[in-house]
Structures are given as structure tokens and as C-alpha cells.
Amino acid sequence: MSQARPFFKQLPGDRIYWMGVLIVLCFVSVFLFRSQSAASYPTYLLAILMLFTAKQWADVFQTQFVRWIAALTLWLCASALWSDPFVWQDALSVWIRGVLVFLFVVAVAECQLRGQMQRWMSKAVALVGAAVMAVALVNFLVTDPADGRLNGMGQLDTHIIAALVFGVVLIFALRLVLGEKGMMWRWCAPAAVVLAVICIALSDSRTAWVSVALGVVTYILAAKTNDARQLLLAITAIGVIGGGLLLVLVVNDATREVILPRGDSFRLAIWSEILQRYFDAPFVGLGITTSDDVVVGSVTLEHAHNLYLSLLHQGGAVALVLYLVTIGYAFRAAIVHFVHEDAKVAIALLVLASSAFALDGHELIDKVGEAWFLVWLPIGICLGLNWAHSIQPEIEEV
């Protein structure tokens, strides 16, 4: 295992240094490039670096957590073999993406283990995210889109995806607001927070409003306490009260149109159709490359708009169980190491993603995109926390 070292002793040639650079480039590429293929070049470089240095991180497989991550990615990739129609090029593409995802998670974990996450990941994501949000806001004001909804730049060209990723940026910016004392960050971090709030509000996405609010509240509560039990009780209370209030507003005829101005956006029709298909292969699913498009009237709607249903469609009950166990391990690792600042960020991101994916999302095994921000990044952070504890507890946190 790589040993933790103080930042000032790291040189530009240090392996962890370049891993951190490539991880940041992976995220920056999502902001800047509309094409997923163009955005994926840093992920290939990161994968090559990880494969050539496999001996230095192979001991991660001694942790139970990473085995569940590997099982999840392997199962979803394997489902390409029984997809209909089976196209070997598509199956090969899925397997390559699965390798990229897994190596990315391990790379994030090792950077977290060595302290790279704490040093400048938050700053990089917040700064780049703030710049992109500023451009998106100007573009929104200048173009005045017909639907009146702010979209992002690069891959974030839909309002929901943009708002969710901006939510991730918001949480990192809040971390800087609460933890950084430098003069630069006293101005930049609050500016990033304000930009994120404005852009998320202008996205007009109810999914993002609710899920980002939950993630932000979770982070603020986590940052103010070192007692994980207090946080869990607070999150549970907020979830129950907030969920009950939302249900009342949706059921009430006077407030329903305000809360859901576009109705259910065909969600119920989509979910009903996906569930009907699921029962054709309840345990193993229909395969990850099998189309999950749904036709409602004359409108073709892409994917299930619910990650949990998408997992059932792609890999059946096995895929959903593997995902839930993986997320459970991530939450557990974050709670066990709750006093660590990275753990608090990871919990907030997992809460944001878990709530958002009830109404959106459809692919875990994909080229670099929103799932890498929302799912694989916090899982990687939690794996790093678990790795340090399971393999070498005496490593000092940097």
C-alpha cells in the first residue's frame, strides 16, 4: 500500500500527484466537452496509470467493500452478454467502461488514503464548477431559452443533470466556506455557493431542488457535529417531516400544480412499463444494452428515469441488491469514520444521489458523466476510508 506523506514532500513526479490531476481532469472534462468520447481521454490515461502500478494498490482487494464494488460492476457488465439484441461491439464497450469505472473508484480511494482529496479536490471542483456555472448563467440570460430552464455546458446540457452536478459543486464549495481561512477562499467559495444556488433554482427541476436541498442540509448538519447518531436522527426526522409535507402538497389540489407544474412528466407511465418488462427476467434482468425506451402515445421517452428501476431492468434483482449493499457499505464506512471531513462530504453526496435517483438516472456503467460525480466519487472516498482502517490502521490521516 502507498504510504501517506506530507504534501510538501510530494514532487510533480509522484504517482499520487498525477492520479489526483487526472481525477480532476475527469471531472473538468464533463463540464467542458459535450462529447462523452472527448471527455473520456483523462479516464483512459488514469486507467493506464493504475494498471501499470497495480502492485501498489492490489491490497485493496483484502477489503470486503471493494469486493462488492467489483461484483456490482462485473454483474452489470456481464449482463451485456444476454442483452437483446446482442452486439459484441456494444458488449465490449460496456466492459471497457466497467474497467474505467472500477479503476477510477480505486484511484479516488487511494488519493483519499494519501490525503489528496483533502488538499485540493474541493478547491478544484469548486473553482471549475463556479466558472462553468457563471458561463451557464450568462448563456441562460442571453439566449432566454423557450422552456425558461437553465442548462449547463458540456455534457451538462440538460437542466436536471446540470442541477444535480451543480449540487455536488455546491457541497464542495460549502466545505471551503466552513473550513478554509485563506483570503482567496473567503471570496471565491461564497461566490461559488451563490452561483450554484442561482443556477439550481433556474433549472426549475423539482428533482434537483429536493435532492440537493437534502444533500446540503445533510452536509451542514454533519459539519456541525462529530456525533454520527445525532446526524442520522436529524436526517431521519427531516426525511419523515419533509416527505410528509411534500405528500400533503402533492395530494392537495390547490398546491399540486405549484409543486408539479408539469405533472408527473410521464414518470408513472414509464415506471409501469419498465416494471412490466422486468418481470420477464426478474432475477438477471434484460441486459444492460437492451433498450429501455418507453413509448407513451406518440412520444418516445428515453430510459427509466429511476436508477433503481433501471438496475432491475438491466441486471434484475441481483443488480439492485448488489447496488444497495454497495451503497450500504459506503454509508457504513462514512459513519464509522464520521470525524473525517471527507466522510461528511461523502455522506452528503450519497444522500443527494440516493434521493435524486428515485426520480431520475439510468446508467451506472458509462463513460465519465454525472454518475461519476454522484455515485462513484463518494463510493471511492468511502472505500479510501475503509481501506486505511482495514489494511493499515496505523496510517496517520493527513
Side-chain angles (χ1 to χ4, degrees), residues 24-42 124-174 187-213 215-216 257-267 270 293-294 296-303 305 352-353 356-357 359-363 366-374:
V24 171
L25 286 177
C26 290
F27 291 133
V28 171
S29 65
V30 175
F31 289 121
L32 300 181
F33 299 106
R34 186 177 297 272
S35 167
Q36 272 194 311
S37 296
S40 294
Y41 288 124
V125 172
L127 278 179
V128 175
V132 170
M133 290 186 295
V135 173
L137 180 58
V138 171
N139 181 67
F140 171 79
L141 296 174
V142 171
T143 60
D144 189 21
D147 62 0
R149 311 178 79 177
L150 181 143
N151 295 319
M153 312 303 292
Q155 287 185 45
L156 311 179
D157 55 356
T158 60
H159 55 276
I160 296 178
I161 299 303
L164 292 175
V165 174
F166 292 162
V168 175
V169 176
L170 174 55
I171 289 172
F172 277 113
L174 282 172
W187 293 95
C188 292
V193 170
V194 172
L195 277 171
V197 171
I198 293 173
C199 289
I200 293 168
L202 291 176
S203 74
D204 200 34
S205 167
R206 271 52 178 176
T207 299
W209 289 0
V210 173
S211 56
V212 171
V216 167
E257 290 188 6
V258 177
I259 301 298
L260 301 173
R262 292 169 294 276
D264 69 352
S265 299
F266 301 107
R267 290 294 199 277
I270 296 170
D293 291 353
V294 174
V296 179
S298 60
V299 180
T300 299
L301 302 164
E302 297 181 355
H303 67 82
H305 289 80
L352 190 163
F357 286 149
L359 295 172
D360 206 80
H362 71 290
E363 265 185 321
D366 197 8
K367 294 179 180 178
V368 60
E370 71 277 4
W372 291 46
F373 279 93
L374 296 166

Is the distance between the ring centroids of Phe172 and Phe373 under 6.0 Å? no

Heavy-atom pair of closest approach, residues Ala136 and Leu150: O-CD1, 3.9 Å

With rounding to the nearest 0.5 Å, note down the distance linking CG in Leu164 to OG1 in Thr207. 7.5 Å

Say whether, by atom type as modelled, one donor and one acceptor occur between the side chain of Asp360 and the main chain of His305 under 3.5 angstrom. no

Pro190: partners by side-chain contact (heavy atoms from CB on, under 4.5 Å), with sequence neighbours left out: Val177

Side chain to side chain contact (heavy atoms under 4.5 Å, CB included) with Met133: which of Leu170, Val197, Val169? Val169

Can you name the residues that form a ring-ring contact (aromatic ring centres under 6.0 Å, His included) with Phe357, not counting sequence neighbours? none

Give, for atom CZ of Phe140 and atom CD1 of Ile198, the distance between the pair rounded to the nearest 0.5 Å. 11.5 Å

When rounded to the nearest 0.5 Å, the distance separating CG of Asn139 from CE of Met153 is 5.0 Å

Distance in Å, Ser35 OG paired with Lys367 NZ, rounded so as to fall on 0.5 Å steps: 6.5 Å

Here the gap from Thr158 atom OG1 to Asn151 atom CG, rounded to the nearest 0.5 Å, amounts to 6.5 Å

Where is the tightest heavy-atom contact between Ala162 and Gly152, given as atom of each residue plus distance? CB-N, 3.4 Å

Quick one: closest heavy-atom pair of Trp209 and Ser203, and the distance? NE1-OG, 4.2 Å

Side-chain donor/acceptor of Trp372 to backbone N/O of Asp366, under 3.5 Å: yes

When rounded to the nearest 0.5 angstrom, what distance separates OG in Ser205 from CD1 in Ile161? 9.0 Å

Below 4.5 Å, heavy atoms only, C-beta onward: do Val212 and Leu352 meet side chain to side chain? yes

Would you check if Phe31 and Val165 make a side-chain contact, meaning some heavy-atom pair closer than 4.5 Å? yes

Minimum heavy-atom separation for Ala163 and Ala208, please, with both atom names. CB-CB, 3.3 Å

Quick one: closest heavy-atom pair of Ala39 and Val368, and the distance? O-CG1, 3.4 Å

